[in-house]
Amino acid sequence: MDERFDDDSLLAVLARVIDEADPVPDDARATAVAADMSGLDAELAELVFDSLLDERGTTLRDDAGDVRSLTFTTGDRTIEVDLADGGLVGRLSPAEDAPVVLEQGTTRVPLAVDDLGRFRAVVQPGPLRLRVGGAGPGGAVATPWITR
Amino acid sequence: MRAVGAASDELGETRFEVLVPRALAGERQAWEALVDRLKRVAWRSIAGFDLGDEDRKDAFAATFFRLNERLSTIREPAKLPGWVATTARNEVHTLLRARRRLRATDPQDLPLVPQPAISDEGLMDDELHGAVRLGFASLSSRCQELLRLATLDPPLSYAEIGDLMEMPHGSIGPTRQRCLDQLRSTAALRPFIAGR
């Protein structure tokens, strides 16, 4: 057989063909590179509950409602978030007057927090995360990125 | 920005074991080099799903957000390609479930299956490439998935591909062989081969 069609040659051509037919879009690469801009100067909160996941956190549930509830925690803070299409409401416990910032890609939006620790926001499509606190005694905390 | 691009290129072949600590130390070019080394692994791992373009980009971006936030916990940098592939797949499954839940009633919103772009602009440098592209597009989705994952640089191991495709590790080699044989016997490649 023509040596251009042996396994190794064919695999090498395939590698190029697949890249050319379905290249990584430039804007997607740029977003990935920009991920570093938001370098984490904050403690990463742990996801302890996600209504989209079952109890073991491995299998996606079929019976989740229209609102997705998530709970994140660090040693002394809990951040609860309810996500619906287009918006979120959340609550810090214990209630504190800490700055809360919604991050989407490289966009950051400061959110108002009431005296019960509650906040709300309009969200755009795409991944988001919350950053809570700053130079105060509790330090800064960030949730992992939430895919939605 | 020429200097940045050039510096990133110079890091192109640098091992993950070297790039990870440098990225953690805040060296932007090292992070950029990591993205460039791993972007195809992530992108191809999320090909062929019932996802629109924007959702696929979101899953891709989220994969690198997670990589960035978890970088300090990576113990075996050599396993990064496998980690990225798995993470990207998980993002897709989360997105698919969220989409189905939120929009299942609106067929307008059902995402299109991405098709390989067919262009007449001569992206391929010769007829062989064109024939392979057409042949690949006519393979089963399973063969396409396997060949996408088996032709990556840096490569995924058969074990990693087996985990992603939920296939026994030992069957990846034989299946890859079968898919290559099918590719050679597609309508696009058969006359091409027979005529030589």
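In what follows, every chain begins at residue 1, and chains take the letters A, B, ... in the order their sequences are listed. For the numbers below, each heavy atom of this structure counts, side chains included, while hydrogens, waters and symmetry mates do not. Given the structure is predicted, the values throughout are model-derived calculations rather than measurements.
At a 4.5 Å heavy-atom cutoff, L67(B) makes no contact with chain A through either its backbone or its side chain. Heavy-atom distances place both the backbone and the side chain of D19(A) under 4.5 Å from chain B. Contact of Q177(B) with chain A is made through the side chain alone, with heavy-atom distances under 4.5 Å.
Ion pairing of R129(A) with E69(B) is present here, as a side-chain N (NZ or NE/NH1/NH2) and a carboxylate O approach within less than 4.0 Å.
Here the closest non-hydrogen pair linking A32(A) and W31(B) is O-NE1, 3.2 Å. Of all heavy-atom pairs between H129(B) and V17(A), the closest is O-CG2, 3.7 Å.
Contact tally against chain A (heavy-atom pairs below 4.5 Å) for R66(B), R148(B), K39(B): the top residue is R66(B).
F5(A) has its side chain within reach of L128(B): a pair of non-hydrogen atoms, C-beta onward, lies under 4.5 Å apart. Counting heavy atoms from C-beta on, the side chains of I18(A) and Q144(B) never come closer than 4.5 Å. The closest side-chain heavy-atom distance from W43(B) to P25(A) is below 4.5 Å. In this structure, the side chains of T94(B) and D50(A) stay at 4.5 Å or more apart for every pair of heavy atoms.
Note that CZ of R16(A) and OG1 of T151(B) are 13.0 Å apart. Values are rounded to the nearest 0.5 Å. Separation of atoms CZ (F60(B)) and OG1 (T31(A)) is listed at 8.5 Å; rounding is to 0.5 Å. Atom CZ of R97(B) is separated from atom CG of L52(A) by 7.5 Å, given to the nearest 0.5 angstrom. From D7(A), atom CG reaches atom CZ of R176(B) across 6.5 Å, with rounding to the nearest 0.5 Å. Atoms CZ and CG, on F65(B) and L128(A) in that order, are 10.5 Å from each other to the nearest 0.5 Å. Between the CZ atom in R133(B) and the CG atom in L14(A) there is a gap of 12.5 Å [rounded to 0.5 Å].
In the hydrophobic clustering of ILVMFWY residues, with side-chain heavy atoms under 4.5 Å counting as a link, V101(A) and I79(A) come out apart. L88(A) and V109(A) fall within a single hydrophobic cluster, where Ile, Leu, Val, Met, Phe, Trp and Tyr are joined by side-chain heavy atoms under 4.5 Å apart, directly or via other members.
The only member of R56(B), R44(B), R40(B) that meets salt bridge (charged side-chain N to carboxylate O under 4.0 Å, His left out) when paired with D22(A) is R56(B).
Annotation: R15(B), atom CZ; neighbour count of heavy atoms from other residues, nucleotides and ligands within 6.0 Å does not exceed 12. The number of heavy-atom neighbours closer than 6.0 Å to CG of D181(B), taken from other residues, nucleotides and ligands shown, is above 12. Heavy-atom neighbours of D26(A) CG from other residues, nucleotides or ligands within 6.0 Å: at or below the threshold of 12.
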